[in-house]
> 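Could you have a look at this structure, given as structure tokens, before my questions?
FYI, the numbering just counts along the sequence from 1. Just so you know, these numbers come straight off a predicted model, no measurement behind them.
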Amino acid sequence: MSAHDGLDPAQSGVGDMDIEAFRRHGHMVVDWIADYLGSIDDRPVLSPLAPGEVRNALPTAPPDDPEPFPRIMADLDRVILPGITHWNHPSFHAYFAITGAGPGILGEALTAALNVNGMLWRTSPSATEVEQLVVDWLRQLLGMGPSWSGLLTDGASTSTLLALAAARERTDLDVRQRGLAGRPDLPALRVYTSEQAHSSVEKAAIALGLGRDGVRTIAVDDRYRLRPDALAAAIEEDLRFGFRPVAIVTTIGTTATTSVDPLEAIADVRDAAVAELGHPIWLHVDGAYGAALAICEEHRSLLDGIERADSLVINPHKWLFTPIDCSVLLLRETQALSTAFSLVPDYLATDDGEVTDLMDLGVQLGRRFRALKLWMTLRYFGADGLRRRLREHVRQAARVAAWVERHPALELVLRPEMSTVVFRLRAGDDGATGEAESAAALTAVDERSRRLLRWLDEDGRILLSGTVLDGRHVLRLALGNLRTTDDHLQRAFAAIDDALAAVPSR
Ligand SMILES: *Cc1c(COP(=O)(O)O)cnc(C)c1O
């Protein structure tokens with residue numbers, strides 16, 4: 001067989017894949033995706049490979065000569081798939097369970113085909129206008145006022161970074177022009193968020209020159225919600241010592257426990273601090289995962305107080321079934337973003353009049369037509385269809401919680417409000433009496449909890465994740481995949497029971 005067997009006619013020339021070859025390979029890829037999604041249940045959720053195995057199975061240097069497309073696809077099965085942890089698997093219950101659903105998968109293909117760079121309105125009016133449209137659709141679904149608008153980013157971390165950059169610019173410190181370094185005139189800047197907030201808040205502070213010390217973490221209550229009284233005390237103390245509060249970040253659906261910070265009470269604290277300080281303090285809401293649930297009327301109260309906030313991030317790639325990456329940043333006044341970021345070099349100047357050039361709203365210049373997959377997802381399922389699916393995940397979480405409650409070896413850490421169940425191993429009645437002994441017993445329980453997770457990883461039927469709360473190891477079972485059925489919940493219960501039986505309590 002010669003090296004050229006199976007090559008497409010155009011492959012050894014200077015052009016792109018020819019159209020008929022594209023059609024053939026495209027059908028092959030669509031069939032591959034359908035087969036993958038149709039048989040995903042049979043795969044171990046977590047990739048069983050050891051570090052380096054994927055690299056070692058592939059040539060170290062790029063090929064000099066063209067390779068037949070079917071041969072490349074064969075390596076997808078042979079090498080790539082074993083190295084995939086299947087986030088689209090119905091038994092993926094780790095972190096937050098997500099779905100890259102059909103309409104969005106196809107939308108991604110169309111985005112690649114159009115290959116639009118939507119940096120300016122004129123570089124593809126549809127990219128800008130559909131993006132603005134889907135952001136507005138989400139605003140409506142969340143019941144927020146008409147002044148809110150925004151943009152799409154790759155993830156909540158970027159969205160929060162942009163929001164905090166706008167917050168920093170809202171101060172009168174002219175950081176955009178003069179920077180932060182070498183300025184004895186500047187007070188130290190502070191951002192406040194809860195102990196349970198996502199690490200993206202600190203990362204944003206790192207990137208924005210506030211530093212990790214610029215983030216003051218606030219204590220939470222017994223349901224892991226930011227305590228407004230502790231926030232007020234922290235700001236009060238900081239003002240006495242000359243710090244400048246710049247922003248408060250609250251969370252709707254914290255990463256560990258899906259807890260919801262009391263937004264109204266926090267806005268009250270903010271307003272009181274602003275009155276004392278005489279400067280604005282930005283209120284950013286991180287609803288990356290949990291804000292999606294507010295599209296259901298019975299959960300609308302999750303957003304109570306939102307009209308007093310300055311910005312909200314929600315990730316359709318988390319709980320609105322859109323393929324990664326898709327985050328929406330909404331601002332009460334989008335202009336705050338262009339104030340922070342707009343910078344137009346001569347080679348990008350236009351005279352298109354009253355249009356939005358999305359490059360003005362963030363760090364990115366070139367940007368993909370990310371809105372297409374979200375637009376297709378929202379249309380394909382419809383608002384009622386999305387609500388039906390969210391309610392199903394809430395129902396599934398309640399079912400898992402009820403199972404945990406009945407289980408002699410397990411206990412709920414808190415009742416799930418959304419679609420993630422947080423639970424832990426019950427500390428057994430092992431006769432421990434003294435405090436030191438019971439501390440040792442808890443350490444042993446935590447150690448078993450970690451070993452249980454590792455056992456489940458290797459077993460492959462389901463994937464859970466863990467975290468630490470109040471010094472104790474806890475397990476998280478997340479729902480959010482559209483292919484998860486009650487049978488998969490049974491599978492999870494069986495796998496956890498098997499793990500408990502297989503991992504002795506020492
Ligand atoms: C997942 C998550 C983030 C980070 O999201 P990315 O899109 O991965 O950057 C931020 N905040 C919360 C509450 C999250 O759950």
> For the residue pair D8 / H25, report whether a side-chain donor-acceptor contact shorter than 3.5 Å exists.
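Note: H25 and D8 side chains meet the donor-acceptor criterion.
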> Using side-chain hydrogen bond (donor to acceptor under 3.5 Å, both in side chains), reason through N117 and T123 one step at a time and then give a plain yes or no.
CA-CA 7 Å; N117 182 336; T123 60; 5.1 Å; no
> So does R395 have more than 12 non-hydrogen atoms from other groups sitting under 6.0 Å from CZ?
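Enclosed.
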> Tell me whether R367 is salt-bridged to D154, with the criterion being a basic N under 4.0 Å from an acidic carboxylate O.
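No, no charged N to carboxylate O under 4.0 Å.
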> How many angstroms lie between atom CZ of R451 and atom OG of S449, to the nearest 0.5 angstrom?
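R451 atom CZ to S449 atom OG measures 10.0 Å (nearest 0.5 Å).
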> Identify the heavy atoms of A291 and L312 that sit nearest to each other, and give their distance.
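Looks like CB-CD1, 4.4 Å.
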> Heavy-atom count around F341 CZ within 6.0 Å, excluding the residue itself: above 12?
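Yes - once you tally the heavy atoms of other residues, nucleotides and ligands closer than 6.0 Å, there are more than 12.
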> If you count every heavy atom of other residues, nucleotides or ligands that lies below 6.0 Å from I19 atom CD1, does the total exceed 12?
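Counting other residues, nucleotides and ligands, CD1 of I19 stays at 12 neighbours or fewer.
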> Please determine if E411 and R424 form a salt bridge, counting it only when a charged side-chain N lies under 4.0 Å from a carboxylate O.
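Salt bridge flag = yes for R424 with E411.
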> Working to the nearest 0.5 angstrom, can you tell me the gap between D360 CG and L343 CG?
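That separation rounds to 9.0 Å.
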> Quick check against the 3.5 Å criterion: does S124 have a side-chain atom that pairs as donor or acceptor with the backbone of V116?
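The answer is no, because no donor-acceptor pair under 3.5 Å joins these two groups.
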> Quick check: closest heavy atoms across G471 and D446, and the distance to 0.1 Å?
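Smallest interatomic distance, heavy atoms only, reads O-OD2, 3.5 Å.
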> So how far is it from L463 CG to L46 CG, rounded to the nearest 0.5 Å?
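L463 atom CG to L46 atom CG measures 5.5 Å (nearest 0.5 Å).
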> Does NZ or CZ of R483 fall inside the cone over F92's six-membered ring, less than 6.0 Å from its centre and within 45° of the axis?
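Relative to the ring axis of F92, which defines the angle, R483 lies outside at least one limit.
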> Drop me the distance from L337's CG to L329's CG, to the nearest 0.5 angstrom.
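The distance works out to 6.0 Å.
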> Does the pair R23/E20 count as a salt bridge with the N-to-O cut at 4.0 Å?
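Answer for the salt bridge query: yes.
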> Taking all non-hydrogen atoms of both residues, which atom of V404 and which atom of L412 are closest, and how far apart?
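Heavy-atom minimum between the residues: CG1-N, 3.7 Å.
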> Does E458 CD have over 12 foreign heavy atoms under 6.0 Å away?
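No - once you tally the heavy atoms of other residues, nucleotides and ligands closer than 6.0 Å, there are 12 at most.
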> Can you confirm whether more than 12 heavy atoms, excluding those of R176, are under 6.0 Å from its CZ atom?
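Atom CZ in R176 is crowded, with more than 12 foreign heavy atoms closer than 6.0 Å.
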> Between R415 and E405, is there a side-chain N and carboxylate O pair less than 4.0 Å apart?
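Judged by the 4.0 Å cut-off on N to carboxylate O distance, R415 and E405 do form a salt bridge.
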> Using atom types as modelled and distance alone, determine if a side-chain donor or acceptor of K373 lies under 3.5 Å from a backbone N or O of P323.
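Here the side-chain-to-backbone pair exists.
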> Any donor-acceptor pair under 3.5 Å linking the side chain of N88 with the backbone of G100?
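At least one qualifying donor-acceptor pair exists.
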> Determine yes or no for a side-chain-to-main-chain donor-acceptor pair under 3.5 angstrom, with T111 supplying the side chain and F369 the backbone.
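Checking the backbone N and O of F369 against the side chain of T111, a donor-acceptor pair under 3.5 Å is found.
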> Inspect the contact between R461 and D498 and indicate whether a charged nitrogen and a carboxylate oxygen are less than 4.0 angstrom apart.
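Result for this pair is yes, salt bridge flagged.
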> Would you please say whether a donor-acceptor pair under 3.5 Å links the side chains of T85 and S47?
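Result is no, nothing qualifies.
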> Can a donor-acceptor pair be found between the side chains of R223 and S259 at a distance below 3.5 Å?
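No donor-acceptor contact under 3.5 Å links the two side chains.
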> So, S200 and T160: side-chain donor and acceptor under 3.5 Å apart, yes or no?
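Absent: no donor and acceptor within the cut-off.
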> Among residues at least two apart in sequence or on other chains, which ones pass side-chain contact (heavy atoms from CB on, under 4.5 Å) with L81?
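side-chain contact (heavy atoms from CB on, under 4.5 Å) check on L81 returns W32, Y36, R43, D77, I84, H86.
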> Do H284 and S311 get their side chains close enough for a donor-acceptor pair, meaning under 3.5 Å?
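S311 and H284 do have a side-chain donor-acceptor pair below 3.5 Å.
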> Report yes or no: do Y192 and T217 form a side-chain donor-acceptor pair below 3.5 Å?
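No, T217 and Y192 have no side-chain donor paired with an acceptor closer than 3.5 Å.
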> I'd like to know if D457 and R454 make a salt bridge, using a cut-off of under 4.0 Å between side-chain N and carboxylate O.
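Judged by the 4.0 Å cut-off on N to carboxylate O distance, D457 and R454 do not form a salt bridge.
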> Go through the structure and list residues passing salt bridge (Lys or Arg N to Asp or Glu O under 4.0 Å) with D41, not counting sequence neighbours.
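For D41, the residues satisfying salt bridge (Lys or Arg N to Asp or Glu O under 4.0 Å) (neighbours in sequence not counted) are R491.
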> How long is the straight-line distance from CD1 of I462 back to NE2 of H89, given to the nearest 0.5 Å?
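If I round to the nearest 0.5 Å, the distance is 10.5 Å.
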> Measure from the side-chain N and O atoms of S39 to the backbone N and O of D35, and report whether any donor-acceptor pair falls under 3.5 Å.
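Yes: the side chain of S39 pairs with the backbone of D35.
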> Between E195 and R216, is there a side-chain N and carboxylate O pair less than 4.0 Å apart?
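Looking at R216 together with E195, the answer is no, because their closest N to O distance does not fall below 4.0 Å.
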> If you count the non-hydrogen atoms of other residues, nucleotides and ligands that lie under 6.0 Å from CZ in R450, is the total more than 12?
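Yes, CZ of R450 has more than 12 neighbouring heavy atoms, counting only those of other groups under 6.0 Å.
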> Taking the six-membered ring for Trp, is the centroid-to-centroid distance between F321 and H393 below 6.0 Å?
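Yes, they do, as the ring centres are separated by less than 6.0 Å.
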> Test your reading of the model: is there a side-chain donor-acceptor pair from N481 to the backbone of I98, 3.5 Å cut-off?
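At least one qualifying donor-acceptor pair exists.
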> Would you check if the side chain of R426 reaches a backbone N or O of P408 as a donor-acceptor pair within less than 3.5 Å?
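Checking the backbone N and O of P408 against the side chain of R426, a donor-acceptor pair under 3.5 Å is found.
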> Quick one: do R387 and E392 satisfy salt bridge (charged side-chain N to carboxylate O under 4.0 Å, His left out)? Show the steps, please.
CA-CA 9 Å; R387 293 185 188 106; E392 167 65 5; over 6 Å; no
> With a 4.5 Å heavy-atom cut-off, do L452 and L475 have their side chains touching?
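Heavy-atom side-chain distance check passes, below 4.5 Å.
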> Quick one: are N315 and T322 in side-chain contact, heavy atoms under 4.5 Å?
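No - every pair of side-chain heavy atoms lies 4.5 Å or more apart.
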> Will you find, in the side chains of T251 and T254, an N or O donor that is under 3.5 Å from an N or O acceptor?
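Side chains of T251 and T254: no pair found under 3.5 Å.
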> Please find the pair of heavy atoms, one from S465 and one from L453, that lie closest to each other, and give the distance.
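Here S465 and L453 meet closest at C-CD1, 4.0 Å.
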> Which heavy atom of V79 sits nearest a heavy atom of A57, and at what distance?
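Taking V79 first and A57 second, the nearest heavy atoms are CG1-CB, 3.7 Å.
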> Heavy-atom count check: over 12 atoms from other residues, nucleotides or ligands less than 6.0 Å from D213 CG?
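Not more than 12 within 6.0 Å, no.
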> Just say parallel, tilted or perpendicular for the rings of Y95 and W87, cut-offs at 30° and 60°.
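The rings of Y95 and W87 lie parallel, inter-plane angle below 30°.
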> Quick check: does any side chain N or O of E53 sit under 3.5 Å from a backbone N or O of A50, one acting as donor and the other as acceptor?
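Present.
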> Would T420 and T258 count as a side-chain hydrogen bond (donor to acceptor under 3.5 Å, both in side chains) if you check the C-alpha gap in whole Å, the side-chain angles of each, and the deciding distance to 0.1 Å?
CA-CA 7 Å; T420 300; T258 73; 5.6 Å; no
> Is there a side-chain contact between V260 and M418 (heavy atoms, below 4.5 Å)?
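Yes. Closest side-chain heavy atoms under 4.5 Å.
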> Is a donor on one side and an acceptor on the other found under 3.5 Å between the side chain of R190 and the backbone of V246?
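Absent.
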> So, for A97 and L479, which heavy atoms are closest and what is the spacing to 0.1 Å?
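Heavy atoms of A97 and L479 come nearest at CB-C, 3.5 Å.
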> Backbone N or O of G385 within a donor-acceptor pair of the R389 side chain at under 3.5 Å?
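Pair found, side chain donor or acceptor close to backbone of G385.
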> Is the shortest heavy-atom distance from the side chain of V421 to the side chain of R476 under 4.5 Å?
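The answer is no; the side chains never approach within 4.5 Å.
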> Using 0.5 Å steps for rounding, measure from the OG atom of S327 to the NZ atom of K318.
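Between atom OG of S327 and atom NZ of K318 there are 8.5 Å.
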> Counting only heavy atoms not in R379, do more than 12 sit closer than 6.0 Å to its CZ atom?
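Not buried by this count: 12 neighbours or fewer within 6.0 Å.
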